[in-house]
Amino acid sequence: FFVLLSGAVTLFYLMLLLFKLFIVKKSTDYPLIDFSREEIANITLDELPMYTIFIPLKYEAEVMHQIIKAMSSLDYPSEKLDFIITLEEYDLETRSAFLRLSPPSNFRIVTLPPSGPQTKPKALNVAFKEAKGDLLVIYDAEIIPDVDQLKKAYLAFKHYPELGVVQTRLDHYNYDQNILTRFFNA
């Protein structure tokens, strides 16, 4: 019995490994998408879609200034940006930090209902109902996006209409803090 069980478990993990290799292979079918400065400069403001940018936060008061600064630095018309910051009801420190900064009017807070689990997926499920944009973006608190990232994403969807999702390359500001942050950055 244990030999059969061991064989079944081994077969399962072998199949899982093969599946992961298949997924990695499929992901390399699309090259890294990049656009020249000229292509980005040729975008007319009228053609740009509205983005809703979700920033799910929990106990992130210390980086709120960085978040507002990074999001306000995006090279994109502010009237076409809808920022949603999700906060748990009890996270008064992060809420206070946000309000103290007097953020631009296109930033708003969506307060999450007091229920479990208190996770990023729950925060996004609640916030999705509030989205105004044609395209959706999710940024973590520590992400400082390239200023032209939203225009590049727009061009990626325009040039590759079969895509449903675009993942940008992630560079963390604290990549050399410890071994874990080095792995994340890799």
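Note: hydrogens, waters and symmetry copies are ignored here, and every other heavy atom, side chains too, is used.
With a 6.0 Å radius and a threshold of 12 heavy atoms from other residues, nucleotides or ligands, His65 has its NE2 atom at or below the threshold. In the displayed structure, Glu47 atom CD is contacted under 6.0 Å by more than 12 heavy atoms of other residues, nucleotides or ligands.
Distance OH/Tyr90 to OG1/Thr111: 12.0 Å, rounded to 0.5 Å. Lys25 contributes atom NZ, which lies 15.0 Å from atom CG of Leu18 (distance to the nearest 0.5 angstrom). The structure places CD1 of Ile67 at 11.0 Å from CZ of Phe83, a figure rounded to the nearest 0.5 Å. Here CG of Leu16 is found 5.0 Å from CZ of Phe12. Values are rounded to the nearest 0.5 Å. Between the CG atom in Leu81 and the NZ atom in Lys132 there is a gap of 12.0 Å [rounded to 0.5 Å].
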Going through the distances and angles, do Ile144 and Gln66 end up as a side chain to side chain contact (heavy atoms under 4.5 Å, CB included)?
CA-CA 8 Å; Ile144 300 173; Gln66 171 188 301; 3.9 Å; yes
- [ ] Could you give me the CA-CA distance, side-chain angles and deciding distance for Asp140 and Ile55, then say whether side chain to side chain contact (heavy atoms under 4.5 Å, CB included) is met?
- [x] CA-CA 6 Å; Asp140 286 331; Ile55 308 170; over 6 Å; no
message: One pair to check against salt bridge (Lys or Arg N to Asp or Glu O under 4.0 Å): Lys152 and Glu39. What are the steps and the verdict?
response: CA-CA 9 Å; Lys152 288 179 180 177; Glu39 288 174 289; over 6 Å; no
Self-check item: CA sep, side-chain torsions, deciding dist, call: Phe35, Ile33, side chain to side chain contact (heavy atoms under 4.5 Å, CB included)
Solution: CA-CA 7 Å; Phe35 300 97; Ile33 301 171; 3.4 Å; yes
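Leu135 and Met50 fall into different hydrophobic clusters, where Ile, Leu, Val, Met, Phe, Trp and Tyr residues are linked whenever their side-chain heavy atoms come under 4.5 Å apart, directly or through other members. Leu155 is not connected to Val147 by any chain of hydrophobic side-chain contacts under 4.5 Å among Ile, Leu, Val, Met, Phe, Trp and Tyr, and they are in different clusters. One hydrophobic cluster, built from ILVMFWY side chains closer than 4.5 Å, cannot hold both Leu92 and Phe107; they sit in different ones. The cluster map of Ile, Leu, Val, Met, Phe, Trp and Tyr, joined by side-chain heavy atoms under 4.5 Å apart, puts Leu45 and Phe157 in the same cluster. Both Ile143 and Leu101 belong to a single network of hydrophobic side chains, linked directly or stepwise wherever heavy atoms of I, L, V, M, F, W or Y lie under 4.5 Å apart.
In this structure, Val110 shares a hydrophobic cluster with Phe54, Ile84, Leu112, Leu124, Val126, Phe128, Leu136, Ile138, the cluster being traced through Ile, Leu, Val, Met, Phe, Trp and Tyr side chains under 4.5 angstrom apart.
Judged by distance alone, with hydrogens and angles left aside, the side-chain atoms of Lys158 form no donor-acceptor pair with the main-chain N or O of Ala153 at under 3.5 Å.
Tested against Ile85, the residues Arg108, Met64, Glu60 include a single side-chain contact (heavy atoms from CB on, under 4.5 Å) partner, Met64.
Nearest heavy atoms, Pro103 versus Ile68: CB-CD1, 3.9 Å. Closest approach of Gln118 to Ser115, counting heavy atoms only: CG-O, 3.7 Å. Between Thr86 and Ala127, the shortest heavy-atom distance links the atoms CG2-CB, 3.6 Å. Closest approach of Leu74 to Asp146, counting heavy atoms only: CD2-O, 3.7 Å. Of all heavy-atom pairs between Thr52 and Gly133, the closest is OG1-N, 2.6 Å. Contact record, Pro56 with Tyr139: CD-O, 3.5 Å, taken as the closest heavy-atom pair.
For residues 5-23, the set of pairs meeting the side-chain hydrogen bond (donor to acceptor under 3.5 Å, both in side chains) definition, not counting sequence neighbours, is empty. Pairs of residues two or more places apart, or lying in two chains, that qualify as salt bridge (charged side-chain N to carboxylate O under 4.0 Å, His left out) and include a residue from residues 87-96 are Glu88-Lys122.
Met71 has its side chain out of reach of Pro104: every pair of non-hydrogen atoms, C-beta onward, lies at least 4.5 Å apart. In this structure, the side chains of Asp82 and Ile53 stay at 4.5 Å or more apart for every pair of heavy atoms.
The aromatic rings of Tyr51 and Tyr76 sit perpendicular to each other, their planes meeting at more than 60°, with 30° as the lower class boundary.
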